[in-house]
Amino acid sequence: MTRNPMPAQTARSLAEPQADRPRFPADYGVPTDEAGLLPWSHARERLENAAVYWISTTRPNGRPHAAPVWGVWIDDTLYFDGSPQTRRGRNLAANPAVAVHLESGGEGKDVVIAEGEAREIRAPNPSLAVRLAAAYTAKYASEGYSPSPETWEGGGLYQMRPRVVIAWTNLGKDPTRWHFGDRSAG
């Protein structure tokens, strides 16, 4: 059984990730200096408040797969659930690399993309399970989803700790990339 290695913490106790500019072709007009970088709070707020996260995984044959999921952002980590028998669950079992895009970004504005690895957590520690159930209930009870802390004892809970997050509200002004360093999940 895999246990969640990250103790329950408050978001305030987590170190701020390092910010810089993402690389774009020169003709995109993206600034190269650090003036106007977005604060981490901008991306964190969107990740916390998103209703739908698009999870992109890779099939064993190398083809991409994307699926919308519900999830919760706690302590700079995305948790999402679903059967390990789903296409995304089987893909993640073979290759934990994942990209997550919020259901935003119309006209290239308010984009948030997270990249990292996602791993299934079986039997999360009790305090984390209570926090997750409460966060899911607060977010999705109106949609009929209100899990108990015991919901994930048999599996089906995934933890994605980003290595990098990229966001912008205006591509020509404020694209920002945050680095988390090595944050291997699981």
Exercise for the section: Would you confirm whether Gln159, through its side chain, and Arg119, through its main-chain N or O, come within 3.5 Å as a donor-acceptor pair? Expected result: no
Fill in the blank from the handout: Sequence neighbours excluded, the answer for side chain to side chain contact (heavy atoms under 4.5 Å, CB included) partners of Ala67 is His65, Arg88
Handout entry: salt bridge (Lys or Arg N to Asp or Glu O under 4.0 Å) pairs, two or more places apart, involving residues 17-31
Key = Asp20-Arg177
Fill in the blank from the handout: Correct closest heavy-atom pair for Ala129 and Pro149 would be CB-O, 3.4 Å
Practice task
Output all residues satisfying side-chain hydrogen bond (donor to acceptor under 3.5 Å, both in side chains) with Arg87, sequence neighbours left out; order by chain, then residue number.
Solution key: Asn91
Exercise for the section: Please name all residues satisfying side chain to side chain contact (heavy atoms under 4.5 Å, CB included) with Glu150, sequence neighbours left out, ordered by chain then number. Expected result: Ser148, Glu153
N/O donor to acceptor pairs below 3.5 angstrom from side-chain atoms of residues 31-38, sequence neighbours left out:
none

Practice task
Give the C-alpha distance, both sets of side-chain angles, the deciding distance and a yes or no for side chain to side chain contact (heavy atoms under 4.5 Å, CB included) between Val111 and His101.
Solution key: CA-CA 8 Å; Val111 172; His101 195 299; 3.9 Å; yes
Handout entry: Pair Ile55-Met160, side chain to side chain contact (heavy atoms under 4.5 Å, CB included): steps then yes or no
Key = CA-CA 10 Å; Ile55 306 294; Met160 188 279 221; over 6 Å; no
Practice task
Using a 4.5 Å cut-off on heavy atoms from C-beta on, say whether the side chain of Pro17 contacts that of Val165.
Solution key: no
Problem - Residue pairs, two or more places apart or on separate chains, that pass ring-ring contact (aromatic ring centres under 6.0 Å, His included) and touch residues 23-49 - result: Phe24-Tyr28, Phe24-Trp168, Trp40-Trp178, Trp40-Phe180
Residues 136-146, side-chain donor-acceptor partners within the protein, below 3.5 Å, at least two apart:
| from | atom 1 | to | atom 2 | distance (Å) |
| --- | --- | --- | --- | --- |
| Tyr136 | OH | Tyr79 | O | 3.3 |
| Tyr136 | OH | Asp81 | N | 3.3 |
| Thr137 | OG1 | Ala133 | O | 2.8 |
| Thr137 | OG1 | Ser146 | OG | 3.0 |
| Lys139 | NZ | Glu48 | O | 3.2 |
| Lys139 | NZ | Ala50 | O | 2.6 |
| Lys139 | NZ | Tyr53 | OH | 2.8 |
| Lys139 | NZ | Gly71 | O | 2.9 |
| Tyr140 | OH | Ala51 | O | 2.7 |
| Tyr140 | OH | Gly71 | N | 3.1 |
| Tyr140 | OH | Gly71 | O | 3.1 |
| Tyr145 | OH | Asp81 | OD2 | 2.4 |

Exercise for the section: Please identify each residue that fulfils side chain to side chain contact (heavy atoms under 4.5 Å, CB included) with Asn61, with sequence neighbours left out. Expected result: Arg59, Arg63
Practice task
Return the set of residues passing side-chain hydrogen bond (donor to acceptor under 3.5 Å, both in side chains) with Trp54 (not counting sequence neighbours), or none when no residue passes.
Solution key: Glu103
Problem - No-hydrogen, no-angle side-chain donor-acceptor test under 3.5 Å, Asn125 and Ser127 - result: yes
Handout entry: Which atom of Ala97 lies closest to which atom of Leu92, heavy atoms considered
Key = O-CD2, 4.2 Å
Practice task
Report the distance from atom CG of Asp110 to atom CG of Leu102, rounding to the nearest 0.5 Å.
Solution key: 8.5 Å
Handout entry: Side chain proximity check, Tyr158 to Pro96, heavy atoms < 4.5 angstrom
Key = no
Practice task
Please examine the side chains of Leu47 and Leu78, heavy atoms only from C-beta on, and report whether any two atoms are closer than 4.5 Å.
Solution key: no
